[in-house]
Number of protein chains: 2
Amino acid sequence: MTKPRTRIQQKNHAVIMAAGLEVFSQYGFRGSTLDQVAEAAGLSKPNLLYYFPSKEAIYQGLLVELLENWLEPLHQLNPNGNPVEELLGYAQRKLAMSRDYPRESRLFATEILQGAPEIKPVLEGELRTLVKEKCKVIEGWIAAGQIRKVDPVHLIFSIWSLTQHYADFDVQVRAIMGERDPFASAAVHLEDLFRQMLTPT
Amino acid sequence: MTKPRTRIQQKNHAVIMAAGLEVFSQYGFRGSTLDQVAEAAGLSKPNLLYYFPSKEAIYQGLLVELLENWLEPLHQLNPNGNPVEELLGYAQRKLAMSRDYPRESRLFATEILQGAPEIKPVLEGELRTLVKEKCKVIEGWIAAGQIRKVDPVHLIFSIWSLTQHYADFDVQVRAIMGERDPFASAAVHLEDLFRQMLTPT
DNA sequence: CGTTCCTTTTACCAATTGGTCAAAAACAAA
DNA sequence: TTTGTTTTTGACCAATTGGTAAAAGGAACG
């Protein structure tokens with residue numbers, strides 16, 4: 001928990017986190033081994049444990065770091081902006097995160113799939129509160145006739161699932177699409193989808 | 001591979017598959033242990049291995065069984081039906097599968113997350129072909145002006161992600177929604193979403 | 001140079017892993 | 001009841017797991 005001091009500490013700390021992300025995002029916590037992480041980091045296993053007290057500590061460290069960035073885009077949803085553009089922007093930001101940080105998305109997915117043993121409190125606390133707050137905003141937009149009447153919670157779920165899908169199921173997406181870059185065409189498709197769903201008649 | 005003969009074999013075969021589904025769908029192949037599966041099945045570990053030659057054999061058996069049911073709903077997309085209703089029906093069927101077979105959905109998700117080592121050939125072969133075929137159908141509907149102009153591949157991805165989300169991220173969904181049944185309201189939301197996206201102006 | 005701290009390695013450990021084997025137990029057919 | 005077959009068990013194994021201890025190697029600094 002103490003902040004790294006020396007350059008070497010700072011560097012290796014980061015190297016291990018990167019390696020842990022690579023490994024844990026593929027196999028989940030239980031499916032990953034310290035040796036895998038060590039090899040990905042280019043360090044020996046005891047050397048890993050010099051920087052982190054345990055396998056779980058690495059995993060927890062990753063989740064903490066992840067959750068900060070994860071909730072950020074939703075925070076940015078501005079109640080005073082143009083509703084359709086705000087929600088479209090949110091979806092765009094989430095899609096960009098799937099493109100630029102697919103391993104983070106997958107790490108989150110494995111944690112949830114395994115029953116969220118580590119972050120369930122965050123889901124039921126911070127996230128739940130944040131979603132409820134933004135749902136109020138969306139309901140306000142609906143009441144004002146600025147967007148179509150949609151279920152706010154499910155709208156948010158829709159944005160999450162549609163965007164994260166391209167990171168979490170990347171292998172499947174590419175198996176079907178072949179060479180083409182999924183994200184370029186996905187951006188176009190999602191913009192059209194959300195605009196159509198949200199724009200009042 | 002040989003079919004079970006006696007009643008006991010038939011029963012225990014099924015019991016083991018059920019137990020394997022329960023365990024593998026949570027922790028993935030690598031994160032699960034034979035002891036976990038054995039305990040879930042109420043059998044001893046050596047007894048498991050009397051019915052299946054290895055841990056991997058159980059996992060593969062599950063995937064084979066899964067893939068059959070998994071591709072079925074898309075097969076049912078009828079080129080001669082009413083386009084909007086056909087696609088809506090497909091989405092409904094997929095959502096019902098998320099509700100009734102969430103573990104199957106999660107098993108598929110873990111396999112994909114780990115890079116689809118076992119079923120990649122199926123994705124690049126059978127699934128790819130099937131999707132391409134149905135995309136042709138959808139393109140025909142668009143050309144005939146029966147549905148709005150949407151990217152067929154991404155439309156299919158959208159149906160998959162929006163429906164599977166409620167099974168794969170069940171913990172998160174329930175953490176946010178609390179007591180309420182997610183699937184009832186999700187069905188309403190998704191029907192509205194797809195109708196809005198597909199119905200020609 | 002020597003000393004002090006930080007870093008890495010070597011050797012090791014107990015527990016768990018997937019899996020084997022032979023013998024015992026349960027069952028079925030006669 | 002006897003015999004032959006199927007099912008289950010208990011003891012075991014080599015490999016891998018997360019983790020430790022202690023000593024060796026380095027860098028910094030007077």
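Within every chain, numbering begins at 1; the chains are lettered A, B, ... in the order of the sequence lines, protein sequences first and strands thereafter. Bear in mind the structure is a predicted one, so any value in this text is a computation, not a measurement.
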Think [X] has a side-chain N or O under 4.0 angstrom from the OP1 or OP2 of [N]?
{"X": "A:Ser44", "N": "C:dT9", "answer": "yes"}
{"X": "A:Asn12", "N": "C:dC6", "answer": "no"}
{"X": "A:Gln9", "N": "C:dT7", "answer": "yes"}

To the nearest Å, how far apart are [X] [atom1] and [N] [atom2]?
{"X": "A:Tyr59", "N": "D:dG18", "atom1": "OH", "atom2": "P", "value": "14 Å"}
{"X": "B:Ile16", "N": "D:dT8", "atom1": "CD1", "atom2": "C1'", "value": "12 Å"}
{"X": "B:Leu34", "N": "C:dA15", "atom1": "CG", "atom2": "P", "value": "21 Å"}
{"X": "A:Ile58", "N": "D:dT17", "atom1": "CD1", "atom2": "P", "value": "14 Å"}
{"X": "B:Arg7", "N": "C:dA28", "atom1": "CZ", "atom2": "P", "value": "8 Å"}
{"X": "A:Gln10", "N": "C:dC6", "atom1": "CD", "atom2": "C1'", "value": "15 Å"}
{"X": "A:Gln36", "N": "D:dG18", "atom1": "CD", "atom2": "C1'", "value": "13 Å"}
{"X": "B:Asp35", "N": "C:dG19", "atom1": "CG", "atom2": "P", "value": "11 Å"}

Under the 3.5 angstrom rule, does the side chain of B:Glu86 hit a backbone N or O of B:Asn78 as a donor-acceptor pair?
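A pair under 3.5 Å: yes.
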What I want to find out is whether [X] reaches [Y] closely enough, with some N-O distance under 4.0 Å, to be called a salt bridge.
{"X": "A:Glu133", "Y": "A:Arg128", "result": "no"}
{"X": "B:Glu111", "Y": "B:Arg106", "result": "no"}
{"X": "A:Lys120", "Y": "A:Glu124", "result": "no"}

Which residues, if any, of residues 45-54 of chain B bring a heavy atom under 4.0 Å of DNA chain C?
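Here the set is B:Lys45, B:Pro46, B:Leu49, B:Ser54.
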Walk me through whether B:Gln196 and A:Val150 qualify under side chain to side chain contact (heavy atoms under 4.5 Å, CB included).
CA-CA 11 Å; B:Gln196 193 66 21; A:Val150 291; over 6 Å; no
Any chance CD of A:Glu72 has more than 12 other-residue heavy atoms, nucleotides or ligands included, within less than 6.0 Å?
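Result for CD/A:Glu72: enclosed.
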Is it true that, when you exclude A:Glu85 itself, more than 12 heavy atoms of the residues, nucleotides or ligands shown sit nearer than 6.0 Å to its CD?
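Above 12, so yes.
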